[in-house]
Amino acid sequence: MSDAPSELPADLDREAVQSALTEWYEADHRDFPWRRTDDPYEILVSEVMSQQTQLGRVVEAWEAFLDEWPTTTDLAAADRADVVGFWTNHRLGYNNRAKYLHEAARQVEEDHGGEFPRTPDGLSELMGVGPYTANAVASFAFNNGDAVVDTNVKRVLHRAFAVPDDDAAFEAAASELMPDGESRVWNNAIMELGGVACGKTPSCDESGCPWRRFCHAYETGDFTAPDVPTQPSFEGSRRQFRGRVVRVLGEYDDLGLAELGPRVRVDYGGDTGAEWLRGLVDDLESDGLVDVAEGDDGVRVSLAK
């Protein structure tokens with residue numbers, strides 16, 4: 001651990017943060033095929049294809065590419081024009097990436113005896129493999145990477161822990177958070193968080209974000225970020241009403257839904273009636289913020305003791 005001042009809140013329970021994220025990711029995440037392999041060649045192809053290309057479009061191209069050239073030996077022996085033609089036909093853009101990938105396969109075969117380097121520094125020596133891609137391959141193929149810091153990760157760290165919008169600060173905070181020897185799961189998990197729950201328009205409750213109870217943005221309603229200069233609307237949001245439930249319950253020992261609802265919103269009823277409110281308090285109960293009890297007179301809600 002560095003002696004430099006921490007970029008994370010002083011009272012942050014790092015172990016709780018780590019456990020919450022990895023458990024959330026391992027319970028349910030997007031099932032891209034390259035997440036089911038630790039083959040460095042297959043992972044490198046996915047990383048190169050994914051640069052500035054939507055992941056949904058990459059899946060078909062990735063599978064077709066590996067059908068055509070399943071190993072670095074096959075790709076190195078291919079005609080470069082065929083590789084570039086494949087890239088063009090699949091509308092992957094930036095044809096130089098196809099040339100670099102072809103050359104990287106030749107380097108692996110000719111300079112490394114068909115074996116990939118296992119460290120970010122070693123992987124960076126391959127043609128077209130920059131620091132981010134090298135670290136991703138080291139992480140996902142060999143579990144030997146540093147903490148990944150991409151746009152999604154910066155957004156998450158800025159919102160959740162108020163990390164300053166500074167590359168060095170993001171690098172330091174990401175490194176502090178990542179559990180030792182867990183780069184494969186951790187880097188996948190934190191990028192998944194940024195892609196699924198903490199996008200430019202966040203879906204904190206809908207996605208069951210595991211960091212809600214730690215998150216500065218969730219607490220304050222300010223969801224600006226380095227790539228989100230104007231914060232999404234907080235007024236009328238689910239986050240706002242969750243906060244109102246907690247504030248109202250702070251004034252009472254407990255309340256039934258019929259008593260709580262009108263205190264949370266003036267238009268309580270219909271689509272925003274008992275079923276809507278029950279979903280809200282169930283979410284809060286899952287986060288350990290309220291207690292929900294079934295009694296003879298119906299559901300009673302109170303702040304968690």
Side-chain angles (χ1 to χ4, degrees), residues 7 21 25 29-30 32-35 37-59 61-62 65 72 87 92-105 107-108 112 116-160 163-196 198-200 225-228:
E7 298 293 346
L21 179 59
Y25 175 76
H29 59 261
R30 292 174 295 179
F32 296 117
W34 48 84
R35 286 182 171 172
T37 181
D38 59 5
D39 184 309
Y41 170 60
E42 295 180 356
I43 291 168
L44 175 61
V45 173
S46 76
E47 289 294 331
V48 173
M49 285 187 174
S50 299
Q51 294 167 11
Q52 302 184 41
T53 304
Q54 292 182 341
L55 294 182
R57 285 179 48 211
V58 170
V59 174
W62 181 82
F65 190 94
T72 52
W87 218 259
L92 291 167
Y94 302 97
N95 287 345
N96 278 343
R97 287 186 288 161
K99 297 177 184 178
Y100 294 151
L101 188 57
H102 183 249
E103 183 58 32
Q107 287 178 270
V108 169
H112 298 279
F116 271 78
R118 300 176 68 90
T119 65
D121 286 346
L123 288 157
S124 291
E125 295 177 4
L126 300 179
M127 180 65 72
V129 177
Y132 173 82
T133 300
N135 190 48
V137 175
S139 293
F140 305 141
F142 304 115
N143 198 27
N144 190 37
D146 301 317
V148 164
V149 181
D150 66 356
T151 300
N152 281 345
V153 173
K154 290 179 181 180
R155 187 189 316 120
V156 168
L157 295 176
H158 185 79
R159 285 174 173 168
V163 175
D165 183 6
D166 173 81
D167 285 348
F170 286 129
E171 294 279 355
S175 296
E176 278 191 77
L177 275 179
M178 187 178 78
D180 291 340
E182 296 291 340
S183 62
R184 177 181 288 130
V185 170
W186 180 262
N187 284 332
N188 267 321
I190 196 167
M191 289 192 295
E192 182 81 349
L193 188 67
V196 170
C198 200
K200 291 188 176 182
D227 62 333
V228 188

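Using a distance-only test at 3.5 Å, with no hydrogens or angles considered, a donor-acceptor pair links the side chain of E176 to the main chain of E7. Judged purely by atom type and a 3.5 angstrom limit, Q107 uses its side chain to pair as donor or acceptor with the backbone of E125. Using modelled atom types, one side-chain atom of R97 and one backbone atom of V48 make a donor-acceptor pair closer than 3.5 Å. At least one donor-acceptor pair closer than 3.5 Å links the side chain of S50 to the backbone N or O of S46. Judged by distance alone, with hydrogens and angles left aside, the side-chain atoms of R155 form no donor-acceptor pair with the main-chain N or O of D227 at under 3.5 Å. At least one donor-acceptor pair closer than 3.5 Å links the side chain of N143 to the backbone N or O of G181.
Summarising the geometry, atom CD1 belonging to I43 is positioned 8.5 Å from atom CH2 belonging to W62; distances are rounded to the nearest 0.5 Å.
Evaluation of the salt bridge (charged side-chain N to carboxylate O under 4.0 Å, His left out) rule for D121 yields no partner, not counting sequence neighbours.
Checking N187 against S139 by side-chain atom types alone, a donor-acceptor pair falls below 3.5 Å.
Ring orientation note: the planes of F65 and W87 are nearly perpendicular, at an angle over 60° on the 30°/60° scale.
For the pair D146 and S175, the minimum side-chain heavy-atom distance is 4.5 Å or more. Contact annotation: the side chain of W34 never approaches that of V45 to less than 4.5 Å [non-hydrogen atoms, C-beta and beyond].
Applying the salt bridge (charged side-chain N to carboxylate O under 4.0 Å, His left out) rule to pairs touching residues 165-174 yields K154-D167, sequence neighbours excluded. The list of salt bridge (charged side-chain N to carboxylate O under 4.0 Å, His left out) pairs with a residue in residues 183-194, not counting sequence neighbours, reads R30-E192, R35-E192.
Within 6.0 Å of the OH atom in Y100, the count of heavy atoms belonging to other residues, nucleotides or ligands does not exceed 12.
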Quiz item: Where do V148 and I190 land on the side-chain contact (heavy atoms from CB on, under 4.5 Å) test, with the steps shown first?
Solution: CA-CA 9 Å; V148 164; I190 196 167; 5.6 Å; no
